[in-house]
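First up is the structure itself, then whatever we jot down about it.
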Protein chains: 2
Amino acid sequence: MLTISQLATYAGVTVRAVRHYHKIALLPEPARDRSGYRSYDSAAVVRLIRIRTLTDAGVPLARVQKLLDAAPQEFEDGVHDIDKELRAEIRRLEASRRRLARLAAGEQLALPQSVIDYLDRLRRHGVSERYLEMERDAWIMIAAQVPDLIDTVIAAKHEQLEDPDAQKLYSLVSEAVDNQGDEALLVEIADILERLYIRAAEAGQLGDEPFDDQLVKLLDAVMLESAPEAARLLAIMEKRGWKGWTRIEQVPPPGQRQFGSRTAPAG
Amino acid sequence: MLTISQLATYAGVTVRAVRHYHKIALLPEPARDRSGYRSYDSAAVVRLIRIRTLTDAGVPLARVQKLLDAAPQEFEDGVHDIDKELRAEIRRLEASRRRLARLAAGEQLALPQSVIDYLDRLRRHGVSERYLEMERDAWIMIAAQVPDLIDTVIAAKHEQLEDPDAQKLYSLVSEAVDNQGDEALLVEIADILERLYIRAAEAGQLGDEPFDDQLVKLLDAVMLESAPEAARLLAIMEKRGWKGWTRIEQVPPPGQRQFGSRTAPAG
DNA sequence: CTTGACCTTGACGCAGCGTCAACCCTCCAT
DNA sequence: ATGGAGGGTTGACGCTGCGTCAAGGTCAAG
C-alpha cells in the first residue's frame, strides 16, 4: 500500500496534483488507513500514470476523464486524435521558431512581402531612410485597415514608379522631409505633380484609381498625418486648382469630368 | 488611425487580448478619439505583432514585457534562449508522442522493463494469467515504493528461477491461485519450499537476502495482500518451524544464526 | 519527549484571457 | 427622426491546473 507521496513520486506528479485529481474525481479516492492517510493500490498507480501520459501530451483533464472512462476502441481513437494534435502543435512550434528568427533578425513582421519589396525599390532609388520610415509606417496602417487591397495598391504604385517624373518626385519628397520648411522644394514638387496630373488628365485617367471611398479617405489621412509638409503641399496644389490627393480632381477649369465630392481629407 | 478591432485583427489577436495588454501595461494605452475610442498608430501594430510572435512561442507576458523593453543585445540573447526552449519543447512533445503510442498499444507504462521481462519469463514457464496479474500488481507496488532497488530484486529473482524446484514452485503456486482452497496443493508447495530452505540453510545462505528491513516488510505485506492463500501457506510453514517469507528464519532447531526479529508481516 | 518528515482539509493566488452585462457612438436605411 | 446594426467602452466573474500558505494531526527515530 502506497502513501500519497510514494504514489505521486513514482508516477512523476506532485502530491497536490493527486489531491486535485481526487477533487475532480479523475482518480478515485482510495481507502484510508486508521490514521486517515490515503492508501493506494496498484490500480491507482496504473491510472495515475495513464493520466500523466495524457496530460503531458497537453490533454485537458476533462478530456482525460472521458478518455480513460471510454471503451477501448474510443480510447484508441481518442489517442490517435491527440497524436494528430501533437503533430500539429510541433509544426506550429517550428513555424514559431522561424518567426522568432525573423524577429531577432529585425525583419518587418508587420508588413506583407509586397510592401517590403516596394520599400526596397524606393531605397534603391535613393530615397532617404527618414522618409522610408514614414512610408513604412503609413503602409503598416494601410495594410492593417485594408489587408486584402494592399497588393493591388502596391501593384499600382510600382506602375507609377515607371514614370521618370514619379521617380524624380520621390527623391524630391525625400529631400523635403529631410530639409523641413524648404518652401522652394515644395514648389518644385508641386510643379512635377502638376505635370503628372496634366498628363493623366490628357490620358483621361485622372480620378481613375480603382479604390473605394474608404481607402481614398484612409490614404489621404495617413499621408497628412505622417508629415507636416503634406498639408502645405496640398494647399499649394489647391491654389493651382487641384483638389484631393489619392483621388485628384481639377477644380476651376470647367468641362472636366467630376467624381465623388467627399474627397476632403478627414482631420 | 486604427480602431481596436482593426489592430487586433491585423495582428492576429483578439480585442480582449489587446485590452488585457493595456491593463498590464504591455502595450501602451493609445490616445482616444473624441468619442472615447482608442486610436492606434503603426508603432502599436509593430509592438503588438512582436508581442504575438513571442506569446505564440509560449513566452509568458511578463517575460515578453522585459524582452521588448530590453536593449537590442539582451533582446537577441533572450530570443535565442526562447528558441532553445522551443527546441526542447518540441523534443518533449515528440517523446510524449512515443509514450502515447505505447499507451495506445496497451503497454505497461507503470513498470520498468526489467520487471516486464521477468513477468514474460514467468509466462513462458507456464504461469497462469490470473497469477501473473497478481504478480504484476505486486511489482507495481514494489517499484513505486523502492524504485531504485527494483532491478536488484529482479536480478535475484532471475537467479532463483534457475533452480528447477523454484520453477516447479511457481507452477504450483499458479495452480493454487486458480484452484483456491485446495489444501493439498498448499502442502505440496510447503514441501518444495522446505526443500529450498533447507538447501539454502546448508549453503549458509538463509536470511542472506540483500534487502533492508523496510523492503522485507513491504514484500511480505504485498505478498499477503495479494492472495488469501498466502496466509494459509505461511501458517503451514510456521508449524514446520519456518518463520518469515522474504527473509526466512528457522525457529525451533537451535544453533542457527539469527537475523532481525521484526519480520512479522505488518497488517 | 522531541524532532522532522509525513499526512490532513481549506482557502487564496496565478496567467491569459473568454464571456457576459450594460451602456455609448456612428452610420445607414427608412 | 428614428431605429437597428455593428462598432466601441468599462467592469466583473469564470475557467484550468494546479502552487502555496495555514493550521493542524501522525509516525519513526534518536
Side-chain angles (χ1 to χ4, degrees), chain A residues 1-27 29-40 44 48 51-66 144-146 212-214 217-218 262 266-267, chain B residues 1-27 29-40 44 48 51-66 144-145 212-218 221 260 262 264 266-267:
Chain A
M1 301 291 97
L2 305 180
T3 67
I4 196 169
S5 63
Q6 285 172 325
L7 170 71
T9 305
Y10 187 60
V13 303
T14 64
V15 169
R16 184 62 180 82
V18 174
R19 287 205 266 256
H20 182 63
Y21 299 157
H22 288 325
K23 202 162 294 174
I24 64 173
L26 176 54
L27 190 65
E29 278 275 4
R32 307 296 183 109
D33 68 11
R34 66 197 171 309
S35 54
Y37 291 11
R38 291 177 178 84
S39 179
Y40 296 92
L48 184 52
I51 291 172
R52 189 176 96 99
T53 304
L54 290 166
T55 56
D56 278 1
V59 181
L61 296 184
R63 193 166 165 200
V64 171
Q65 182 93 282
K66 280 186 213 158
Q145 271 183 312
V146 285
D212 63 3
D213 290 3
Q214 209 203 342
K217 216 164 105 183
L218 168 66
R262 292 182 304 292
Chain B
M1 301 294 93
L2 305 179
T3 67
I4 195 169
S5 63
Q6 285 172 326
L7 171 70
T9 304
Y10 187 60
V13 305
T14 64
V15 168
R16 184 63 180 81
V18 174
R19 287 205 265 254
H20 182 62
Y21 299 158
H22 288 325
K23 200 162 295 174
I24 64 174
L26 176 54
L27 190 66
E29 277 274 5
R32 306 299 182 105
D33 68 11
R34 67 197 173 307
S35 54
Y37 291 10
R38 293 177 177 83
S39 178
Y40 296 91
L48 184 53
I51 291 172
R52 189 176 97 99
T53 304
L54 289 167
T55 56
D56 277 0
V59 181
L61 297 185
R63 194 166 164 201
V64 171
Q65 182 93 280
K66 281 186 213 160
Q145 269 181 313
D212 64 1
D213 290 4
Q214 211 204 340
L215 181 55
V216 168
K217 216 163 106 180
L218 168 66
R262 293 182 307 292

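Letters A, B, ... mirror the listed sequences (proteins, then strands); counts begin at 1. If you're wondering where the values come from, they're calculated on a predicted model, not measured in any experiment.
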Going by side chain to side chain contact (heavy atoms under 4.5 Å, CB included), A/Y40 matches just one of A/L48, A/L2, A/T3. Which one?
A/L2
Mapping B/R16 and B/P60 to their closest nucleotides on DNA chain C, which lands nearer the 5' end?
B/P60
What contact category does A/R63 fall into here, base, sugar-phosphate, or nothing, at under 4.0 angstrom with non-hydrogen atoms?
nothing
Within the pair B/R19 and C/dT19, is there a side-chain N or O less than 4.0 Å away from OP1 or OP2?
no
Between P on D/dG8 and CG on B/L2, what's the gap in Å once rounded to a whole number?
11 Å
What's A/T55 touching, base or sugar-phosphate or nothing? Going by heavy atoms closer than 4.0 Å.
nothing
A/I24 versus A/Q65, closest heavy-atom pair with distance
O-NE2, 3.3 Å
Does atom CZ (B/R34) have a neighbourhood of more than 12 heavy atoms from anything else shown, all under 6.0 Å?
no
If you look at every strand shown and take non-hydrogen atoms under 4.0 Å, does A/I24 touch a base, only sugar-phosphate, or nothing?
nothing
Between C/dC7 and A/T3, is there an OP1 or OP2 to side-chain N/O distance shorter than 4.0 Å?
yes
Regarding B/T14, tell me which of base, sugar-phosphate or nothing describes its non-hydrogen contacts under 4.0 Å with the strands shown.
sugar-phosphate
Within the pair B/R38 and D/dT10, is there a side-chain N or O less than 4.0 Å away from OP1 or OP2?
yes
For B/K23 and for B/Q6, find the nucleotide of DNA chain D with the closest heavy atom, then tell me which residue's nucleotide is more 5'.
B/Q6
If you define the side chain from C-beta out and look only at heavy atoms, does anything of A/L7 sit under 4.5 Å from A/R38?
no
Out of D/dC18, C/dC7, D/dT10, which has the shortest distance to the side chain of B/R32?
D/dT10
What I'd like to find out is whether the side chain of A/V18 reaches to under 4.5 Å of the side chain of A/H22, using heavy atoms alone.
yes
Once you round to the nearest 0.5 Å, how far does CG of A/L61 lie from NZ of A/K66?
12.5 Å
Provide a list of protein-nucleic acid N or O atom pairs under 3.5 angstrom, restricted to nucleotides 22-29 of chain C.
| unit_1 | atom_1 | unit_2 | atom_2 | d |
| --- | --- | --- | --- | --- |
| C/dC25 | O4' | B/Y37 | OH | 3.3 |

